[in-house]
Amino acid sequence: MTHHYDQARWSEAGGEVYESLLSEKGEKTVEIDDSALPDDLTRDSLSLPDVSEPELSRHYVRLSQQNYGVESGPYPLGSCTMKYNPPVTEDVAAVDGALVHPDRSPESTQGTLALMYRLQDYLARIGGVDAVTLQPPAGAAGEFTGIRIAAAYHEANGDDGRTEVVVPDSAHGTNPASAAMAGYDVVEIPSEDGRVDLDALAAAVGDETAAFMLTNPNTLGLFERDIEAIADIVHDAGALLYYDGANLNALLGRVRPGDMGFDIMHYNVHKTFATPHGGGGPGAGPVGVVDDLAEFLPDPHVRESNGGFELYTPEQSIGKVHGFAGNWLVLVKAYAYIARLGEEGLLDTSAKAVLNANYLASQIDLEVPYEPFHHEFVASAGERDAADLAKRMLDYGVHPPTTKWPEIVEEALMTEPTESESKRTLDQLADAFDAAAGDDDATLEAAPNRTTARRIDQTSAARNPRLSWQALDD
Amino acid sequence: MTGGSPYVPHTAEETTAMLDAVGVEDVEDLFDVPEAVRFDGDLGIESRTEAETKTEVAGLLSRNDDLTEFLGRGHYDHYVPSVVDRISGRSEFLTSYTQYQPEVAQGFLQALFEYQSMLVELTGLPIANASMYDAATALGEAALLAARVRETSGSTVLVPGYVREERVSVLENYGAGADLDVQRVTTEQGTVDLSALEAAADDDTLVVYAENPTTRGTIEPDLDAIGDIAHDNDALFVVGSDPVALSLLERPADVGADVVVGDASVLGMPTSYGMGLGLFATREDFLRQVPGRLVGASEDAAGKRAYTLTLQTREQHIRRERATSNICTNQAWVALRTAMHVAYLGPDGLLEKAERMVTLADEVAGALNGITGVRAPVDDRYHFREFVAHTDQPAHAIVEDLDAKGFAVHEIGEHEVQVCVTETNAGSVDDLVTAFQEVAR
């Protein structure tokens, strides 16, 4: 039984647009001539939308109805861990004590520091690492922070010939991008049967390697079983092993990056710990390190002192990676989520995330070339176009998986259902996969039909960029 | 089932049926993990009920002292209208992610398109992205953009002395990989000293940065001249500001700004211990070097206007180590809130707010200046939201004594404190002045 889906549509201005731009609803230009400031310090005029509060409210409610979130339906984007976001975390982040100014004295913000300290501690336990900074405002910012820490470590050891960071070809794009941003040459190594090729790794690392960045389980959902050998190869070369936390949801309470030999890791708290991603952020990307690297953590760091908490600068700190304390409210939500679940809840999370991925894969007709996988799998659309298939899945009322990546799998559909989907929902997802796969090419190419917008022309958007309402008339 | 995750929907029967379908007896059989790396310890994290969780977090945060804050220096508390909280909290917005399937994400895409458009109007520059993390990281990205578009033209980033240490530290971290060298330039009366800047700028200058208003709350009197010095040395002129100030102050584009950065969270978030929203706007010819997400207008198969992420070949998920930035998860939801707030205020409301930030600072500085032992403002300039006051007593003692009376101000020098006033604390100004009278002599 397949489901069908009709997304909200709004028609204004004779049906030419779905929901008018605010600027089309009413715009006003104000001349600025009689100001508290002299003319030469002010602009001449200001033109902005001018609508009443009720109109504004309707505008954004309509926009929300044209948007798909986790509470709209299943959202199995691979490596994104789009799990249910419990509303209780919103409530705790809204209490007055959470909204203090970042320049308040440590003495007057003992509550904030206490929560940070506890979260640092919980994350350290979950990661099997010795020290955690909460400052990086997203996973990629965590990667950049981690690589800067690696650089500082090698520099402190007088080991300044290390100019390369090694990544597997299955790595998330943020890994090479973060390494390059920190000034490293990126060396990509091929995979062998979907996992790190130990010979290729051994050949790639050496005196010039600063770090090897790895996701485990990797983007195919495969656990890197040779992780101990990988750690030995990397450490024997004098390099550091970096853990990309994007897939940590698969391991909670069962395997800890620190125990596997990783020296540095980041956590994607917006994935693993269920803080809402909000249309692309905010997230938070705390970084954990082993003891040897704790002195390089960003400034400031929270520690216990005389029964209270204080901010301090680690001895050889890399400095700051965010102007203030990172995405604090996201951290409050993550703390509440971890506290709500506790150890048993975290263990159950991984169990059901892995069960759900395996169950869903067993229910679809498409080929899944690499297994055994954990929390996510990559199905292949084979001869069909994975992007077209995904568009057709929208008509069946589900958000499709990540498409066409990783490139190791032909026409990839990278699927991560997460633990929060029920068997019934997984069956609906499986139906959507199979129904789309059973539709003819013309139907797929014409999809989607039941969404707010029909298939959108990406090519002309890029060829003729119109990035503001001011540019629409051009 | 007891002790599991409250957000896992499986009944015991369903779990059994699913295990059967997969062909294993126990879920542990699905973990393809060598024994040697399995964790068999105890994390020592107790689970709490939902009510206990709320009580615990609220209890922890209630340990924060309840002070009336007169704090700014890059983070400002403006009143957030209820409609912004209510509508931005709708789960279709809050629980969505990056718009990889634009056909079901038109709502967020349109809101981000509108956000970009508002920044275009406010900055005068034609390109704005859909968010950076905060002002500091946006500045770092601006320097990296400069290094890409001016490959042969030096590596020095000139930063006025008034810029927060924290911003400079982030800038240094971002610039380290590109071998950028951040240098401080002397300031005069809380604004850029043009002759010092002229002397510091040379062939090696890549970026000249200035803020308007500055970290000290001063309004730069001659941004044009700063831009000229940058351009005379083939450097980019980067201006830091925020949406409220931009509604009133001269448009960065009109004074030659090549990039505008800053923190737009002034209209998107309460202070929230420094959560930010980096704004980033630039020139058309740098379009393909812009970091971060861009939303563009296009058409759908029915010929109707539709929105989509565009120019993604700049981004890390496609370009990998040659991407213009590593940014992936950004601050989209905060950008949504800022757009809502700007639309709520409209041009009249936003301008009125900005004008009030000038007059309020002037009034409060005047009131403090009448107190024995205080001179304010220190800088002979127009001010926006905040100003520096000289205190005869050590600033440290003033700040501590004010704290004891329930007020927070910045200590920024041995005898200098900084005071920030917006509409949210304006009602407490009289009490602050009284407190100052008691502690300043």
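Chain letters run A, B, ... following the sequence lines, proteins first, then strands; residues in each count from 1. When reading the values below, keep in mind they use all heavy atoms of this one structure, side chains included, and skip hydrogens, waters and symmetry mates.
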Proximity breakdown for [X] and chain A, heavy-atom pairs closer than 4.5 Å:
| X | value |
| --- | --- |
| Glu28(B) | side chain |
| Ile127(B) | side chain |
| Val104(B) | both |
| Ile87(B) | side chain |
| Ala135(B) | neither |
| Ser272(B) | both |
| Ile318(B) | neither |
| Arg86(B) | neither |
| Arg167(B) | neither |
| Pro270(B) | side chain |
| Ala339(B) | both |
| Thr329(B) | both |
| Ser62(B) | neither |
| Met269(B) | side chain |

Just by distance, no angles: are the side chains of [X] and [Y] close enough, under 3.5 Å, to form a donor-acceptor pair?
| X | Y | answer |
| --- | --- | --- |
| Thr451(A) | Glu103(B) | no |
| Asn85(A) | Thr95(B) | no |
| Glu344(A) | Ser47(B) | no |

Name the member of [options] that forms the most heavy-atom pairs with chain B at distances under 4.5 Å.
| options | value |
| --- | --- |
| Arg455(A), Glu143(A), Arg62(A) | Arg455(A) |
| Asn268(A), Leu347(A), Val30(A) | Val30(A) |
| Ser460(A), Pro400(A), Ala274(A) | Pro400(A) |
| Thr349(A), Asp299(A), Thr29(A), Leu341(A) | Leu341(A) |

Less than 4.5 Å apart, any side-chain heavy atom of [X] and any of [Y]?
| X | Y | answer |
| --- | --- | --- |
| Asp403(B) | Ser108(A) | yes |
| Gln101(B) | Leu77(A) | no |
| Pro465(A) | Leu287(B) | yes |
| Lys352(A) | Ser5(B) | no |

Can you measure from [atom1] ([X]) to [atom2] ([Y]) and round to the nearest 0.5 angstrom?
| X | Y | atom1 | atom2 | result |
| --- | --- | --- | --- | --- |
| Tyr307(B) | Gln66(A) | OH | CD | 9.5 Å |
| Tyr7(B) | Ser420(A) | OH | OG | 11.0 Å |
| Glu114(B) | Leu22(A) | CD | CG | 4.0 Å |
| Arg125(A) | Phe39(B) | CZ | CZ | 9.5 Å |
| Leu249(B) | Thr42(A) | CG | OG1 | 8.0 Å |
| Leu467(A) | Leu112(B) | CG | CG | 12.5 Å |

Residues Asn64(B), Thr109(A); criterion side-chain contact (heavy atoms from CB on, under 4.5 Å); working and verdict: CA-CA 4 Å; Asn64(B) 287 343; Thr109(A) 48; 3.7 Å; yes

Parallel, tilted or perpendicular: rings of His101(A) and His410(B) (30°, 60°):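 Rings of His410(B) and His101(A): perpendicular, as their planes differ by over 60°.
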
Residues Asp254(B), Arg43(A): salt bridge by 4.0 Å N-O rule: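 Arg43(A) and Asp254(B): not salt-bridged.
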
I'd like to know if the side chain of [X] reaches the main chain of [Y], judged simply by a donor and an acceptor atom lying under 3.5 Å from each other, with no hydrogens or angles considered.
| X | Y | value |
| --- | --- | --- |
| Glu53(A) | Tyr344(B) | no |
| Asp134(B) | Gly323(A) | yes |
| Asp300(B) | Arg454(A) | yes |

Check each atom of [X] against the heavy atoms of chain B and say whether the ones under 4.5 Å are side chain, backbone, both or neither.
| X | answer |
| --- | --- |
| Glu71(A) | both |
| Asn356(A) | both |
| Asp457(A) | both |
| Glu419(A) | both |
| Leu222(A) | neither |
| Tyr60(A) | both |
| Ile32(A) | side chain |
| Glu107(A) | backbone |
| Ala98(A) | both |
| Val92(A) | both |
| Arg148(A) | side chain |
| Thr112(A) | both |
| Leu115(A) | both |
| Met82(A) | side chain |

Trace of the side-chain contact (heavy atoms from CB on, under 4.5 Å) decision for Asp103(A) with Glu69(B): CA-CA 10 Å; Asp103(A) 284 344; Glu69(B) 296 171 346; over 6 Å; no

Which residues share a side chain to side chain donor-acceptor pair (under 3.5 Å) with Glu355(B), sequence neighbours left out: Ser35(A)

All side chain to side chain donor-acceptor pair (under 3.5 Å) counterparts of Arg118(A), not counting sequence neighbours: Tyr335(A), Glu56(B)

Full working for side-chain contact (heavy atoms from CB on, under 4.5 Å) between Ser298(B) and Gln458(A): CA-CA 7 Å; Ser298(B) 185; Gln458(A) 309 273 359; over 6 Å; no

Verdict with supporting geometry, Trp469(A) and Phe113(B), side-chain contact (heavy atoms from CB on, under 4.5 Å): CA-CA 8 Å; Trp469(A) 61 51; Phe113(B) 182 85; 4.1 Å; yes

